[in-house]
Protein chains: 2
Amino acid sequence: MKWNDLQNEACPVARGLSVIGDRWTMLVLRDCFLGIRRFEQIQERLGITRHVLADRLRKLEAAGVLRREPYQERPVRHEYRLTERGKALYPVLVSVIEWANEHVPPPVESSVTLVSRKTGTPIAPVLTDANTGEEITHRTVMALRPE
Amino acid sequence: MKWNDLQNEACPVARGLSVIGDRWTMLVLRDCFLGIRRFEQIQERLGITRHVLADRLRKLEAAGVLRREPYQERPVRHEYRLTERGKALYPVLVSVIEWANEHVPPPVESSVTLVSRKTGTPIAPVLTDANTGEEITHRTVMALRPE
DNA sequence: GGCATAAGTTCCTTTTCGGAACCTGTCAAT
DNA sequence: ATTGACAGGTTCCGAAAAGGAACTTATGCC
C-alpha cells in the first residue's frame with residue numbers, strides 16, 4: 001500500500017494520519033495554535049524548506065484544517081488560520097505533549113508545561129469518558145467495527 | 001533543519017514527533033494495541049514494505065516504545081510488544097481516532113467506534129484536567145516555557 | 001531432497017526532501 | 001528611474017527515503 005491510499009481506509013487511525021501523519025504537519029499546526037499565521041514566520045521557526053511548507057499548507061487547506069485568507073491588499077498577502085476542524089486537533093497535540101514530557105526526556109532541563117489561562121496553575125491532561133468520567137486506557141476500552 | 005535534529009528540541013511536540021511523527025509509526029503501534037505482535041502479520045495488514053517495517057521496528061525498540069522478545073527457539077523468532085512507554089501512547093491514538101471520526105469522513109459507512117470493555121457502551125473521549133476535571137481546549141490552556 | 005514458515009536483508013527504481021536561487025507585486029528611499 | 005526591502009511563493013538539482021520484488025537463514029515436516 002502507498003501512503004496516499006490511506007485516506008480510503010475504514011480505520012479512523014489511518015484516515016486521521018492521512019491528514020496529520022506527515023513528518024512536518026503537526027509542527028506546522030503547533031505553530032498555528034501558538035498564533036503564528038504567516039508563511040515566513042513558520043518557515044523560519046521550523047527550519048522547514050519553503051518548498052515543503054508550501055506543499056503542507058496547501059494540503060492542510062485542502063483538508064479543511066487551515067484556511068488561507070488575505071490580511072492585506074496591494075500586494076495581496078495571505079495568512080493561515082485554524083478552522084474548527086483544525087482547532088479540534090488540540091487534544092492530539094496535548095496528548096503528544098503529555099507523552100513526550102513523561103517519556104521523551106529533553107536534552108537539557110528545558111521542558112514546556114501546560115498551564116490554565118485563568119489560574120496559571122499546571123494542567124494534568126487525562127483522557128476521560130465524557131459519559132462516566134472514567135479514565136480511558138488501553139485496558140478499559142476496545143475498538144468496535146460495525147459489520 | 002533536518003527531521004533527525006528534532007529530538008534535541010526543547011519543545012515536547014518536536015521531541016514526541018521525532019519518535020512517532022513518522023509516516024507509518026502510529027499505524028504500526030495501532031496494530032500493536034490490537035494485539036498484533038509479529039513481523040509478518042503487521043507487514044501484511046499494513047501493506048508496508050518489509051524494508052521500512054524492519055526499520056521502524058528497530059527505531060521503536062531503540063526509543064523504548066516496543067520491546068523485542070523471543071516467543072520460540074529453534075529457530076529463534078521474536079515478537080514485538082508495547083512497553084509501558086508504548087502503552088502510554090494510547091491517549092494519542094484515541095485522540096486521533098476521535099478527531100478522524102468527527103472530521104475525516106470514511107469512504108463508506110464503515111466507521112470504527114470505541115466501547116467500554118466492561119459495559120460495551122460507546123465511549124466519548126474528552127481530554128480533561130485531572131486536577132479540576134474541566135475540559136482542556138486551546139482556549140482554556142496555554143503553553144509555558146520556563147526560562 | 002523439497003517445501004513451508006518467520007523474520008529479515010539486498011538490490012533497484014521511484015518519490016520525496018533539503019538547500020539554495022529565483023520570481024512577482026508593491027512601496028519607500030536614493 | 002533605479003535600487004532595495006518584504007512576503008509568499010516557485011524552480012532546479014543532488015541527496016535521502018520509500019516502494020517493490022527477489023533472496024537469505026534457520027528449522028521442522030513430508
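Residue numbers begin at 1 in each chain, while the letters A, B, ... track the order of the sequences. FYI, side chains are in, hydrogens and waters are out, and symmetry mates aren't considered; it's all heavy atoms of this structure.
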Would you mind reading off the distance between [X] atom [atom1] and [N] atom [atom2], rounded to a whole angstrom?
X	N	atom1	atom2	answer
Glu79(A)	dA7(D)	CD	P	13 Å
Phe39(B)	dT24(D)	CZ	C1'	13 Å
Glu61(A)	dG9(D)	CD	C1'	14 Å
Gln43(A)	dG18(C)	CD	P	12 Å
Ile42(B)	dA7(C)	CD1	P	9 Å
His78(B)	dT9(C)	NE2	P	12 Å
Gln72(A)	dT24(C)	CD	P	19 Å
Glu40(B)	dG8(C)	CD	C1'	9 Å

Exam field: side chain [X] to backbone [Y], donor-acceptor pair closer than 3.5 Å:
X	Y	result
Thr128(B)	Thr128(A)	no
Glu98(A)	Ala124(A)	no
Arg15(A)	Gln7(A)	no
Ser18(A)	Leu6(A)	no
Gln72(A)	Pro75(A)	yes

Give me the one residue out of Arg37(A), Glu61(A), Arg67(A), Arg68(A) that meets side-chain hydrogen bond (donor to acceptor under 3.5 Å, both in side chains) with Tyr80(A).
Arg68(A)

Listed once per pair and sorted, the salt bridge (charged side-chain N to carboxylate O under 4.0 Å, His left out) pairs that draw on residues 17-26 of chain A, sequence neighbours left out:
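For residues 17-26 of chain A: Asp22(A)-Arg56(A), Asp22(A)-Arg23(B), Arg23(A)-Asp22(B).
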
Between protein and nucleic acid, restricted to nucleotides 11-19 of chain D and to nitrogen or oxygen atoms under 3.5 Å apart, what atom pairs and distances do you find?
| from | atom 1 | to | atom 2 | distance (Å) |
| --- | --- | --- | --- | --- |
| dA18(D) | OP1 | Arg56(B) | NH2 | 2.4 |
| dA18(D) | OP2 | Arg56(B) | NH2 | 3.1 |
| dG19(D) | OP2 | Trp24(B) | NE1 | 3.4 |

On the nucleotide [N], are OP1 or OP2 found under 4.0 Å from the side-chain N or O atoms that [X] carries?
X	N	answer
Arg68(A)	dA7(D)	no
Tyr71(A)	dG8(D)	yes
Tyr80(B)	dG8(C)	yes

Could you list the donor-acceptor pairs under 3.5 angstrom formed by side chains in residues 130-139 of chain A, with sequence neighbours left out?
| from | atom 1 | to | atom 2 | distance (Å) |
| --- | --- | --- | --- | --- |
| Thr132(A) | OG1 | Glu134(A) | N | 3.1 |
| Thr137(A) | OG1 | Arg139(A) | N | 3.0 |
| Thr137(A) | OG1 | Thr140(A) | N | 3.4 |

Could you tell me whether Arg81(A) and Glu69(A) have a side-chain N and a carboxylate O separated by less than 4.0 Å?
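Yes, charged N to carboxylate O under 4.0 Å.
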
Less than 3.5 Å apart, which donor and acceptor atoms pair up between the side chains of residues 86-95 of chain B and the rest of the protein, not counting sequence neighbours?
| from | atom 1 | to | atom 2 | distance (Å) |
| --- | --- | --- | --- | --- |
| Ser95(B) | OG | Ser95(A) | OG | 3.0 |
| Ser95(B) | OG | Pro91(B) | O | 2.7 |

Within 45° of the axis and under 6.0 Å from the centre of the six-membered ring of Tyr71(A), does NZ or CZ of Arg38(A) qualify?
yes

Every protein N/O within reach of nucleotides 26-30 of chain D N/O, cut-off under 3.5 Å:
| from | atom 1 | to | atom 2 | distance (Å) |
| --- | --- | --- | --- | --- |
| dT27(D) | O3' | Arg74(B) | O | 3.2 |

Roughly how bent is the helix from dG1(C)-dC30(D) to dT30(C)-dA1(D) end to end, in steps of 10 degrees, with each end axis from five pairs?
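One end axis against the other gives 20°.
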
